[in-house]
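The basis for the numbers below is simple: all heavy atoms, side chains too, and nothing from hydrogens, waters or symmetry mates. For ligands, and for the atoms within them, numbers begin at 1 and follow the listed sequence.
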Amino acid sequence: MCIFCQIIADEIPSYKIYEDEKILAFLDIKPVHPGHILVIPKKHAQNIEDVSEEDLTAVILGVKKMGKLIKNNLNYPSYNVIENNDSAAGQEIPHLHFHIIPRLENDGLNHWSHREYNPGEAEEILKKLKN
Ligand code: 5GP
Ligand code: ZN
């Protein structure tokens, strides 16, 4: 059983914030800022392709609920919603989870670097995507 399935089953302790029949929201053990929340489907799924549309809908609605709590109850002005999809993207726990990371103005967390498209590159990508 994966570590998050063990958390769902209460075999590993966690700080649970909200649960219903489909999802669980709990505190990340190593927060970026205090109040960093993870929202997961109760039925094990590895990633976004793997999860059912019904469970994904429940999870994203849970993310919306938790975002409200971060703003209203913890008084953060903002938050990031992040889902690391597979190991190359930084997914360490192979059970789908959305991070809700509280943010403060000028908290020193930088956005990813990005770049302009080279000439013709966007058209190539678009062709592949629409193929
Ligand atoms: P990932 O890199 O897979 O997107 O993120 C996994 C997250 O799970 C990390 O932020 C990490 O701190 C958190 N985490 C790992 N193990 C545990 C645990 O046993 N309990 C809780 N509450 N969070 C965990
Ligand atoms: Zn699992």
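For ligand 1, none of its N or O atoms has an N or O atom of Ile3 under 3.5 Å away. In terms of polar-atom proximity, defined here as any N/O pair under 3.5 Å, Gln91 makes no such contact with ligand 1. Residue contacts with ligand 1: Asn84 is placed with a nitrogen or oxygen under 3.5 Å of a nitrogen or oxygen of the ligand (distance criterion only).
Minimum-distance N/O/S atom of His44 relative to the Zn ion (ligand 2): ND1. In terms of distance to the Zn ion (ligand 2), the nearest N, O or S atom of His95 is named ND1.
The side-chain heavy atoms of Lys16 and Asp10, taken from C-beta on, include a pair separated by under 4.5 Å. Contact check for Leu38 versus Phe4: side-chain heavy atoms found under the 4.5 Å cut-off. When side chains are defined from C-beta on, Ile48 counts as touching Phe98, because their heavy atoms get closer than 4.5 Å. Between Asp50 and Leu96, the closest side-chain pair of non-hydrogen atoms is not below 4.5 Å. Side-chain contact between Pro34 and Tyr76 is present, with heavy atoms from C-beta onward closer than 4.5 Å.
Atoms of ligand 1 lying under 4.0 Å from any heavy atom of Lys30, numbered from 1 in the order shown and given with element: 12 (O). Numbered from 1 in the order shown, with element, the atoms of ligand 1 that lie under 4.0 Å from a heavy atom of His99 read 1 (P), 4 (O), 5 (O), 7 (C), 10 (O). Each of the following atoms of ligand 1 lies closer than 4.0 Å to a heavy atom of Glu92: 1 (P), 2 (O), 3 (O). Taking a cut-off of under 4.0 Å to the non-hydrogen atoms of Phe26, the atoms of ligand 1 that pass are 21 (C), 22 (N). Using a 4.0 Å cut-off to heavy atoms of His97, the atoms of ligand 1 that qualify are 1 (P), 3 (O), 4 (O), 5 (O), 6 (C).
The shortest contact between atom 15 (C) of ligand 1 and any protein heavy atom is with Ile93 CD1, 4.0 Å. Among all non-hydrogen protein atoms, the one lying nearest atom 7 (C) of ligand 1 is Asp28 OD2, 3.5 Å.
Residue contacts with ligand 1: Gly90 is included, with a non-hydrogen atom under 4.0 Å away. Put simply, part of Leu38 is less than 4.0 Å from ligand 1, judged by heavy atoms. Within the structure, the closest approach of Tyr15 to ligand 1 does not fall below 4.0 Å when heavy atoms are considered.
To the nearest 10 degrees, the Zn ion (ligand 2) sees SG of Cys2 and SG of Cys5 at an angle of 120°.
With a heavy-atom cut-off of 4.0 Å, Glu83 does not touch ligand 1 at all. The proximity of Phe98 to ligand 1, defined as any non-hydrogen pair under 4.0 Å, does not occur for either the backbone or the side chain. Contacts between Ile82 and ligand 1, counted as non-hydrogen atom pairs separated by less than 4.0 Å, are absent for every part of the residue.
More than 12 heavy atoms of other residues, nucleotides or ligands lie within 6.0 Å of CD in Gln6, so this atom counts as buried by the packing criterion. Within a 6.0 Å radius of CD in Glu116, other residues, nucleotides and ligands contribute 12 heavy atoms or fewer.
When the heavy-atom distances from atom 23 (N) of ligand 1 to Asp86, Ile12, Ile40, Ile29 are ranked, the shortest goes to Ile29.
Pairing each heavy atom of Asn85 with each of Gln91, the nearest pair is C-OE1, 3.7 Å.
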Checking side chain to side chain contact (heavy atoms under 4.5 Å, CB included) for the pair Val59/Val51: CA distance, chi angles, key distance, verdict? CA-CA 10 Å; Val59 167; Val51 70; 5.7 Å; no
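Using a 4.0 Å cut-off between charged nitrogen and carboxylate oxygen, Glu54 and Lys43 do not count as a salt-bridge pair.
Proximity of the aromatic rings of His97 and His99 is defined here by a centroid distance below 6.0 angstrom, and this criterion is met.
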